[in-house]
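Everything below concerns the one structure shown next.
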Amino acid sequence: MQDRPFLIRGAAVLSMDPAIGDLPAGDILVQGDRIAAIGHCLDAPEGAEILDAAEMIAVPGFVDTHRHVWQTQLRSVATDWSLCDYTINMRSVFASFYQPEDVWLGNHIGALEALNAGITSVVDHCHIVNSPEHADAAVQGHRDAGIGGVFCYGMFRNARHHPGAPIDVAELIGEMWGDVEDWRFADAERLRGNGFGAHDRLRFGLATNEFELKPYDEVQAELRRVIAMEPQRISMHAGMGALAKDNRMVKHFLADGLLDERALFVHGGGFTDEELRILADHGCAISATPDTEMQMAMGHPVAYRFADAGGRASLGIDIVSNIGGDMFSQMRLMLQAHRAWLNAWAEQDGRTPGTVTVQARSILEMATIGGARAIGMDDCLGSLSPGKFADIALIDTRAINMTPMIDPVGAVIFYANPSNVDTVLAGGRIVKRGGQLTGIDWPALRRRLIASSDRVLSKAQRIPLEKIQALWTAPWYFDRRAAIEAVS
Ligand SMILES: [Zn+2]
């Protein structure tokens, strides 16, 4: 954080706080790591640094409720992947070759990418914990960047490969689908004790295995252990389109008393209306990731359906190996996908709607205060409110793609991109100023990231994929013995 008070002058403020509303030319005073005041023509405290924001829009730092940050150095490998391709290549091969240095680089530069785009909080569903050192590197990457949110320690076992040797399918299955190893629970506790406080900007969570691909008795056992650890949030991939069809997990969880507000379900397009209502009634949250859901057949992005059911809906970016790590794209995609969905229903009824019923502001809410609610941190972030963390993004409206700025909400959602983000404060610290990230040596980081990318890709390319493909495309998810016999 800054030593001096910091006063943002004259911005078009979209506070997302109903008590404050929008201010056409508002001031925001930051002291320490918090917002001290918001209003018109605030007095500058002695020694304050003043930023003229007359041509800028101020929004709360965005809250990305689902990202696998470690994949930063694999940009564009997933461009044409299905969910099956992703499982085969990313989850069964690439992840195996990450060393702690690669994890630090992926998480550090991924967090910087988020901050550069005005995202100040992220839920990192971190399934790259191949050892305790990997977990340490992942957290350190976030801390070194200064991002907040929830670090969710992954329970998933990545496969071990021996390049040049034939694939041992029994070993592969045992590693990826076996019970969670005890060391993970112990290590997660160790890590939590290492600087994660209940009131910090970066909190401790857990990320489970893929529950739709495991027998329910194992799912239940894992979830009970995870709940007993009382993490800030439990991040779970679920409701992934047709995969949810024969697996009514929500009803199992309901019957076994496993649903509460710590549950953060990711995707959810395959959930029925009744399941969405059950989740909403139990205070659970959903992170919709429209880009990957639309590409990878995970059902229609569910955020608005869940919000209509009274649930805590939020947005996530998911995999930066597939798409850019900014919230502008996801807001636009989610809003327009839902408008298209409603219009398609109307068209089917032979109607042309006379009005657009879903307003743009609703998606900005989901990306800010909605995300904060989803992660249980709306008391300290998600809106520009006195007393909350000073997580602020200033979007410059002077660029050719932003001029003239008539409606700030429309400008942010339909016109802005990360290059328009001029200034970002994260917990009161200026991490971007004048369009540039502060305090980093980008050429040096870039060199290291490219070297890491080359290292992982060159190892992954040596793994024959046939058996792994057969493993994941066979229809016997729950019968491991049959899987081994079929593929070996
Ligand atoms: Zn995911």
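Remember, it's 1-based here, ligands and their atoms both numbered in the order they're listed.
Residue His267 does not count as close to the Zn ion (ligand 1), with no N, O or S atom under 2.8 Å. Taking 2.8 Å as the threshold, His125 does not count as a candidate ligand of the Zn ion (ligand 1), since none of its N, O or S atoms lies below it.
A donor-acceptor pair is defined here as one N or O able to donate and one able to accept, closer than 3.5 Å; such a pair exists between the side chain of Gln295 and the backbone of Thr79.
Taking the six-membered ring for Trp and the full ring otherwise, Phe211 and Tyr216 have centroids separated by 6.0 Å or more.
Between the Zn ion (ligand 1) and the N, O or S atoms of Asp318, the shortest distance is to OD1.
With the Zn ion (ligand 1) at the apex, His237 NE2 and His66 NE2 define an angle of roughly 100° (rounded to 10 degrees).
Cation-pi contact between Arg225 and Phe185: present, with separation from the ring centre below 6.0 Å and deviation from the ring axis of at most 45°. Annotation: cation-pi pair Arg143/Phe196 present, NZ/CZ under 6.0 Å from the ring centroid and within 45° of its normal.
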